[in-house]
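Just follow the structure's listing: the first ligand is 1, and inside any ligand the first atom is 1. Values below: every heavy atom of this structure, side chains too, minus hydrogens, waters and symmetry copies.
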Amino acid sequence: MSHDTDRKFDTLAVWAAEEGPFPHGAAVTPVYGASTFAHDTLDEWHAIAIGQAVGHIYSRNSNPTLAVLERKMALLDGTADAAAFSTGMAAISSALMALLGHGDRVVSIRDSYGGTNVLFEEFLPRYGIQVTLCDTTHFEQAEAEIAKGCQVVYLETPTNPTLKVVDIKRLCDAAHAVGAVTITDNTFATPVNQQPARLGSDLVVHSATKFLSGHSDVLAGLLSGRADLIKKVHHFREIAGATLSPEGAYAVLRGMKTLGLRMARHNSNAQSIAEHLAGHPKVDQVLYPGLPSHPGHEIAQRQMSGFGGVLSFVPSGGDAALSTVLDGLRLAQRAAHLGGVATTAGPPKVTSHVELTPAERARAGIPETLIRYSAGIEDVADLIADLDQALSRI
Ligand SMILES: *Cc1c(COP(=O)(O)O)cnc(C)c1O
């Protein structure tokens with residue numbers, strides 16, 4: 001067990017934190033559905049309650065199944081500790097609420113996930129927290145804003161849905177120069193393709209609803225990073241209560257074991273499809289960091305070992321073409337989701353960015369007829385044939 005960190009990613013994905021032995025010789029981590037834990041004596045109970053003995057009191061605070069998931073996440077991210085939440089947004093909002101207070105300032109990017117953006121624009125200012133959102137790829141602007149002083153720098157890369165690439169190390173260095181804590185949303189990349197903690201991010205957040213669990217059957221969020229920061233956010237979770245269920249933790253643990261295998265296929269499928277669509281006469285634009293034509297390709301090559309399973313494209317022919325192509329896809333679920341084994345597709349204007357007006361979407365650089373396509377793990381020849389038949393209907 002002590003050699004966990006010497007092992008390669010795919011080995012850790014299977015074994016880390018799950019070497020057992022489990023009760024009855026069970027082959028997998030048991031689901032401890034108990035809401036509470038009983039103690040033999042008051043002394044034992046008290047020792048656990050004040051942190052002098054190892055154990056569990058109440059599952060909002062800690063639970064054995066969650067503890068295994070949290071340990072596994074930390075080992076896969078190369079961090080000291082982790083905490084599990086009921087959704088990705090619960091992890092993000094808990095981290096921001098736990099680390100920021102009245103009078104503080106956070107610097108972030110314009111292209112963060114839709115829900116995160118709402119926290120920045122609508123909620124945090126209500127609590128007297130100043131939010132500055134910089135142009136996502138204008139790093140000089142971000143550096144200048146960070147240098148003015150802030151408590152948190154919040155990053156996300158590649159971004160949703162336009163796949164912009166943010167230079168993690170560069171902005172983490174700028175943040176640390178003013179003593180700010182850095183948080184990076186790594187949902188699109190996963191730890192297989194990108195390890196923000198190794199690039200200087202103090203905290204890493206994942207919507208485990210997406211690739212980490214991978215089977216579209218659970219909502220979950222994970223936060224990993226520096227032990228002192230995780231402790232603060234964990235304390236907030238105990239009180240605010242957005243704890244993951246033990247059943248949810250089990251589903252994420254099961255998915256994580258095949259993360260390396262799945263990401264290899266997601267990466268290669270998305271790359272082949274992006275290259276195919278880039279040369280397609282009925283496609284106006286393709287956004288994918290794995291294409292040499294992508295403006296963030298060089299940074300992506302430096303900080304990522306794979307370019308991920310999500311790409312976006314604009315079919316030629318406006319609104320009519322958008323419906324024709326989307327409705328014509330047979331091997332894609334039309335859904336507000338990504339990262340599952342089954343391909344999903346949807347336009348940001350009805351999914352991640354539905355709350356924005358057309359003018360706001362235009363300002364965010366999101367074409368009205370953009371299709372976000374999360375390549376599943378199906379045979380890529382079938383996916384390309386499906387896209388071709390859908391595009392041929394235009
Ligand atoms: C989906 C998503 C989230 C939110 O996660 P939920 O589990 O849906 O709450 C956050 N960030 C990114 C990049 C996402 O794709």
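- Protein residues with a heavy atom under 4.0 Å from ligand 1 are T87, G88, M89, I92, Y113, E156, D185, T187, F188, S207, T209, K210, A220.
- With no hydrogens or angles considered, no side-chain donor-acceptor pair links S305 and N193 at under 3.5 Å.
- Residues F307 and H266 fail the side-chain proximity criterion, which asks for heavy atoms closer than 4.5 Å.
- Here the CD1 atom belonging to I92 is positioned 10.5 Å from the CZ atom belonging to F85, to the nearest 0.5 angstrom.
- Clustering of Ile, Leu, Val, Met, Phe, Trp and Tyr side chains at separations under 4.5 Å leaves V350 isolated, with no partner residue.
- Classified by interplanar angle (parallel below 30°, tilted 30° to 60°, perpendicular above 60°), the ring pair W45/H39 is parallel.
- Contact check on E238 versus K232 returns no salt bridge, with no Lys/Arg side-chain nitrogen under 4.0 Å from an Asp/Glu carboxylate oxygen.
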